[in-house]
Amino acid sequence: MTITHIENRILEVIAINWLKMIVSLLIGLAAGTAAVILYYRKGISKAQKELGEKTARQQHEAEQLLGEAQKAGEQRKRELLLQAKEEIHKARLDLEREVRDRKAELTRDRSRMDQKEEALDRKVEAQERSEKELLQRLAEAKARQEQIEQLRQQKQLELERVAGLSMEEAHALVLETARNTYRHDLAVMLKQMEDEARETAELKAKEIVVTAIQRYSADYVSESTVSVVTLPNDEMKGRIIGREGRNIRAIETITGVDVIIDDTPEAVILSSFDPIRREIARMALEKLIQDGRIHPARIEEMTQKASRELDQRIKAEGEKACFDTGVMGLHPELVKMLGRLHFRTSYGQNALQHSEEVSWIAGMMAAELGLDVDMAKRAGLLHDIGKALDFEQEGTHIQLGANLARKYKENPIVINAIASHHGDVQANSLISCLVAAADAVSAARPGARRENLETYVKRIERLEEIANQTEGVEKSYAIQAGRELRVMVVPDKVSDDDMVLMAHDICKQIEEELNYPGQIKVNIIRETRVTDFAK
């Protein structure tokens with residue numbers, strides 16, 4: 001408390017005492033007045049006397065009260081001043097103690113900072129010395145390296161002078177000698193390794209694959225989404241086109257597909273890269289034809305209705321695929337993506353049926369090997385899930401599928417199987433290898449897929465071109481729809497040992513440059529023919 005506050009408190013107490021005294025005086029005066037009125041009838045003289053006595057007593061009492069109040073006020077003032085002095089002294093002591101503590105703390109902090117600065121200065125000096133030493137050593141090492149390089153060049157020149165050959169000529173001579181010396185050994189070793197691998201691995205792999213294929217005996221039909229809408233008559237084409245083409249423009253704008261109306265009798269063709277949009281447009285157009293009322297408002301209404309029906313159908317197809325393969329617990333969005341695969345084809349093969357087939361084959365092979373059958377089925381069913389999005393988003397179906405599986409918290413084994421089933425990344429589990437094998441089996445068997453004539457012809461020509469570019473090849477023929485390549489070599493230029501290496505090189509080049517389902521067999525044929533005529 002400050003001294004000003006204390007003085008104000010004392011003044012308040014004094015004022016209160018004075019107020020009490022004044023109130024007492026007023027009470028006395030009121031009592032006197034009442035007494036005068038009361039005793040007025042008994043006589044003015046007696047009332048005056050009594051009033052004078054009472055007034056004197058009251059004045060005396062008031063003087064006593066005023067004296068007592070002054071004494072009490074002085075006493076309270078002295079007490080408050082003494083208390084204020086004590087509090088001021090205590091606050092001063094606390095402040096001085098706090099200031100001392102802060103000064104001591106600042107002194108300690110300054111001491112620590114000085115020590116840290118000294119340590120940092122020492123480190124900087126040591127670093128500078130180390131840098132100087134390192135630069136000196138680097139300069140010495142560079143000088144030594146230059147000396148060594150000069151000595152090496154002098155030695156090389158001396159060796160070239162003595163041998164009579166340049167370094168490049170000597171290198172080529174050594175390589176040619178080693179190639180000729182070890183060509184036979186290398187071919188024999190490669191042949192032995194291939195034979196051993198076939199004996200130990202091929203038999204078991206064929207047994208597992210054949211067993212899985214035999215156990216999977218489901219019927220399969222190669223199909224493609226054909227967006228052709230049949231019309232009841234050719235007059236319907238005019239109604240679809242509408243006045244000045246407003247109906248066909250509305251259909252193309254709302255559905256996002258191209259409507260092709262040509263000379264084909266009683267048919268309209270729908271063209272779009274997105275199979276979902278194409279299916280919605282087909283369903284909407286069929287509803288419009290059945291309803292008979294074709295105008296922009298009705299087209300929009302039927303398109304929305306077809307979209308809702310297709311969403312339900314997509315969900316039902318995905319749930320059916322999960323039920324048929326026994327894969328449970330998939331995220332609802334993944335189930336919907338599986339349903340979208342029903343409208344997706346690859347080389348004429350239905351993507352959803354292909355995924356179910358891969359799931360079954362992978363599960364059967366996993367059972368043969370004693371692996372997790374459920375995990376293999378799950379990975380097989382989801383391995384092409386990215387094809388449900390590759391018409392809408394950028395990226396390969398492998399990248400989109402792996403990202404989709406990560407988004408919905410799929411098992412890392414399933415994600416790796418999706419990402420590695422075409423060899424884009426390294427497979428880190430046996431299940432990933434089984435899914436890749438099942439995918440190849442499903443896609444490569446006869447009748448599963450088809451490709452257009454142009455792609456087929458280009459692949460056949462490229463196969464023969466790769467073989468004809470190899471030195472020593474006389475002719476080459478791609479047969480069995482490009483599944484086998486027969487190469488005829490010149491006997492005088494290619495030995496039996498060279499044939500093994502040539503087949504290996506051609507296979508490697510085919511794997512690097514071509515994309516093809518299944519595998520391609522390369523046959524190298526070397527024969528010597530002698531022809532003579534009897535006359």
Side-chain angles (χ1 to χ4, degrees), residues 90-163 165-179 182 186 379 386 389 393-433 436 508 511-513:
K90 183 177 179 181
R92 185 182 292 112
L93 292 177
D94 294 339
L95 181 60
E96 291 176 354
R97 182 169 62 255
E98 184 177 357
V99 170
R100 287 196 301 272
D101 294 340
R102 294 293 296 276
K103 286 182 178 179
E105 184 178 355
L106 290 174
T107 303
R108 289 193 298 271
D109 292 341
R110 186 177 300 168
S111 177
R112 286 197 296 270
M113 291 295 294
D114 293 339
Q115 292 176 359
K116 290 182 179 180
E117 288 179 359
E118 292 176 359
L120 183 60
D121 292 339
R122 289 195 296 271
K123 289 182 180 180
V124 171
E125 293 175 358
Q127 185 69 23
E128 291 177 352
R129 289 195 299 271
S130 300
E131 290 180 357
K132 291 180 180 178
E133 293 177 358
L134 181 59
L135 292 175
Q136 185 176 0
R137 291 181 182 178
L138 288 175
E140 294 176 355
K142 186 175 181 181
R144 291 179 183 177
Q145 186 176 2
E146 292 177 354
Q147 293 177 359
I148 292 171
E149 183 63 24
Q150 292 176 359
L151 292 174
R152 189 188 66 79
Q153 292 178 357
Q154 293 175 1
K155 184 177 179 180
Q156 179 179 340
L157 293 174
E158 183 66 19
L159 288 174
E160 291 178 355
R161 186 184 63 80
V162 173
L165 295 172
S166 65
M167 183 176 179
E168 290 77 9
E169 294 173 347
H171 183 68
L173 180 61
V174 170
L175 288 179
E176 183 65 23
T177 304
R179 186 182 295 110
Y182 297 106
L186 181 60
L389 296 174
Q393 301 179 15
E394 294 184 357
T396 64
H397 76 278
I398 295 173
Q399 296 170 346
L400 296 174
N403 293 336
L404 196 64
R406 292 190 190 96
K407 179 180 178 181
Y408 295 112
K409 311 299 182 184
E410 273 298 322
N411 192 290
I413 296 177
V414 176
I415 297 173
N416 180 254
I418 296 172
S420 65
H421 75 274
H422 282 322
D424 292 5
V425 301
Q426 183 68 32
N428 56 19
S429 68
L430 292 176
I431 289 178
S432 298
C433 298
K508 185 176 180 181
E511 291 173 355
E512 292 176 352
E513 297 185 11

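Along the sequence shown, residues are numbered consecutively beginning with 1.
Listed by chain and residue number, nothing satisfies the salt bridge (charged side-chain N to carboxylate O under 4.0 Å, His left out) test with Arg137 (two or more places apart in sequence, or in another chain). Qualifying salt bridge (charged side-chain N to carboxylate O under 4.0 Å, His left out) partners for Glu149, counting only residues two or more places apart in sequence or in other chains: Arg152. Every residue was checked against the side-chain contact (heavy atoms from CB on, under 4.5 Å) condition with Leu106, not counting sequence neighbours, and none meets it. Legend: residues meeting salt bridge (charged side-chain N to carboxylate O under 4.0 Å, His left out) with Asp94, ordered by chain and number and at least two apart, are Arg97. Every residue two or more places apart in sequence or in another chain was checked for a salt bridge (charged side-chain N to carboxylate O under 4.0 Å, His left out) with Arg102, and none qualifies. In this structure Asn403 satisfies the side-chain contact (heavy atoms from CB on, under 4.5 Å) test together with Arg406, sequence neighbours excluded.
Here the straight-line distance linking atom CD1 of Ile431 with atom OG of Ser420 works out to 11.0 Å at 0.5 Å rounding. Rounding to the nearest 0.5 Å gives a distance of 12.0 Å between CG of Asp101 and CD of Glu96. Between the CD atom in Glu98 and the CD atom in Glu105 there is a gap of 10.5 Å [rounded to 0.5 Å]. Note: Leu400 CG to Lys407 NZ = 11.5 Å, rounded to the nearest 0.5 Å. Considering CD of Gln145 and CD1 of Ile148, their distance stands at 7.0 Å, rounded to 0.5 Å. Distance check: Gln399 CD to Leu389 CG gives 12.5 Å after rounding to the nearest 0.5 Å.
Atom CD of Glu140 is surrounded by more than 12 heavy atoms from other residues, nucleotides or ligands within 6.0 Å. For Arg110, the CZ atom is loosely surrounded, since the number of other residues' heavy atoms within 6.0 Å does not exceed 12.
With a 4.5 Å cut-off on side-chain heavy atoms, Lys142 and Glu146 count as touching.
Taking each heavy atom of Ile418 and Ala405 in turn, the nearest pair found is CD1-CB, 3.8 Å. In terms of heavy-atom proximity, Ile413 sits nearest to Asn411 at N-OD1, 2.9 Å.
Asn416 places a side-chain N or O within 3.5 Å of a backbone atom of Asn428 that can act as its donor or acceptor partner.
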